[in-house]
Amino acid sequence: MKTVTETEKAAATGVMATAVKGTPVVDGEIDEVWSTATPIKVDRPIDELTQVSKVEMSTADVRVLWSKDQLSVLWQVNDSQLSAKSSDDWAHDSIELFVDRNHAASASYEADDAQYRVNFEGMISGLGTGFSESDVKAVSTKTESGYLVEMSINMTDSPLHAGDQLGLELQVNNDDGSGDRVSVAKWSHAENDSWESTENFGTLTLK
Ligand code: BGC
Ligand code: CA
Ligand code: CA
């Protein structure tokens with residue numbers, strides 16, 4: 001029987017992206033180094049959690065950069081009505097970054113897996129065995145079309161190297177001002193499963 005490599009598995013179920021090296025200053029200002037990163041579109045609706053049309057959804061252009069000790073992510077989010085009314089942080093206008101460091105694509109979270117969330121006001125939350133709030137630096141600022149989040153994850157426990165492949169998922173939550181989450185957009189897998197399973201994340205290759 002043919003052995004399926006991790007890359008083939010991801011190609012069959014998900015999406016792929018590459019990240020180039022770079023270390024931006026995480027301050028909410030878009031440094032020049034971000035122009036070297038190719039934007040990834042986060043615009044696939046999770047149907048069961050989306051009550052508005054595709055044009056009214058909140059979506060994002062996301063750029064990723066890496067260095068040995070840091071994964072940096074810039075989110076430019078379209079959102080016409082900003083709100084953090086809900087008592088559930090996942091229902092705030094917010095972005096979620098999911099990292100499967102060892103790309104094991106496991107059915108439940110393992111020690112290296114984490115969910116990082118930042119809302120439009122810069123509030124950090126998250127879940128997963130690998131999640132530690134002290135690993136995250138994030139700044140959110142309002143923009144003409146919504147908000148941006150610049151964030152970095154400390155990777156000193158498991159330093160990054162060129163050629164590494166990570167499982168990656170990206171999500172945008174949208175409250176329309178009512179306190180309800182009315183749309184959720186994803187990059188790879190359009191189901192509400194990324195917070196408990198890394199199976200259907202996309203693949204990020206470090207260049
Ligand atoms: C999901 C929520 C879940 C939360 C857990 C979010 O990504 O959409 O349904 O409760 O993660 O942190
Ligand atoms: Ca993992
Ligand atoms: Ca909103």
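One-based numbering, in listed order, for ligands and for the atoms of each. The residues of the chain are indexed from 1 along the displayed sequence.
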Tabulate distances under 3.5 Å between N/O atoms of ligand 1 and N/O atoms of the protein, writing both atom names on each line.
unit_1   : atom_1 : unit_2 : atom_2 : d
ligand 1 : 7 (O)  : Glu96  : OE1    : 2.4
ligand 1 : 7 (O)  : Glu96  : OE2    : 3.4
ligand 1 : 7 (O)  : Gln115 : NE2    : 3.1
ligand 1 : 7 (O)  : Gln171 : NE2    : 3.2
ligand 1 : 8 (O)  : Gln171 : NE2    : 3.4
ligand 1 : 8 (O)  : Arg181 : NH1    : 2.9
ligand 1 : 8 (O)  : Arg181 : NH2    : 3.2
ligand 1 : 8 (O)  : Asn192 : OD1    : 2.6
ligand 1 : 9 (O)  : Asn192 : ND2    : 3.0
ligand 1 : 11 (O) : Gln115 : NE2    : 2.9
ligand 1 : 12 (O) : Gln115 : OE1    : 2.9
ligand 1 : 12 (O) : Gln115 : NE2    : 3.4
ligand 1 : 12 (O) : Arg117 : NH2    : 2.9

### Task
Just the protein N/O/S atoms under 3.0 Å from the Ca ion (ligand 3), please, no waters.
Asp79 OD1, Asp79 OD2, Gln81 O, Asp93 OD1, Asp93 OD2, Asn174 OD1, Asp175 O
### Query
Can you hop from Trp187 to Met57 via hydrophobic side chains spaced under 4.5 Å?
no
### Task
In plain terms, say whether Asp61 and Lys41 are close enough for a salt bridge, that is, a side-chain N and a carboxylate O under 4.0 Å apart.
yes
### Message
I'd like to know if Arg181 and Asp88 make a salt bridge, using a cut-off of under 4.0 Å between side-chain N and carboxylate O.
### Response
no
#### Entry: Heteroatom test (N, O or S) for Tyr109 near the Ca ion (ligand 2), limit 3.0 Å
no
### Query
Is there a chain of hydrophobic side chains (I, L, V, M, F, W, Y, each step under 4.5 Å between heavy atoms) that links Leu170 to Met155?
yes
### Query
Hey, does the side chain of Asp93 reach the backbone of Ser83 with a donor-acceptor pair shorter than 3.5 angstrom?
yes
### Message
Pair Gln70, Ser67 - check side chain to side chain donor-acceptor pair (under 3.5 Å), show working.
### Response
CA-CA 5 Å; Gln70 183 173 314; Ser67 66; 5.1 Å; no
#### Entry: Hphob cluster co-occupancy, Leu127 + Phe98, side-chain heavy atoms under 4.5 angstrom
yes
### Task
Answer with yes or no whether the hydrophobic clustering places Ile40 together with Leu65; edges join I, L, V, M, F, W, Y residues whose side-chain heavy atoms lie under 4.5 Å apart.
no
### Query
Which angle, to 10 degrees, forms at the Ca ion (ligand 2) with OD1 of Asp113 on one side and OD2 of Asp112 on the other?
80°
### Message
Using the rule given for side chain to side chain donor-acceptor pair (under 3.5 Å), can you reason through Ser94 versus Asn119, listing the C-alpha separation, both sets of side-chain angles and the distance that settles it, and then say yes or no?
### Response
CA-CA 4 Å; Ser94 57; Asn119 81 2; over 6 Å; no
#### Entry: Nearest to the Ca ion (ligand 2) - the N/O/S atom of Asp100, by atom name
OD1
### Query
Is it true that Asp175 and Lys85 make a salt bridge, defined as a side-chain N closer than 4.0 Å to a carboxylate O?
no
### Task
Carefully, step by step, assess Lys137 and Asp27 under the rule salt bridge (charged side-chain N to carboxylate O under 4.0 Å, His left out).
CA-CA 9 Å; Lys137 241 196 245 165; Asp27 58 1; over 6 Å; no
### Message
Is Glu110 close enough to the Ca ion (ligand 2) that one of its N, O or S atoms comes in under 3.0 Å?
### Response
no
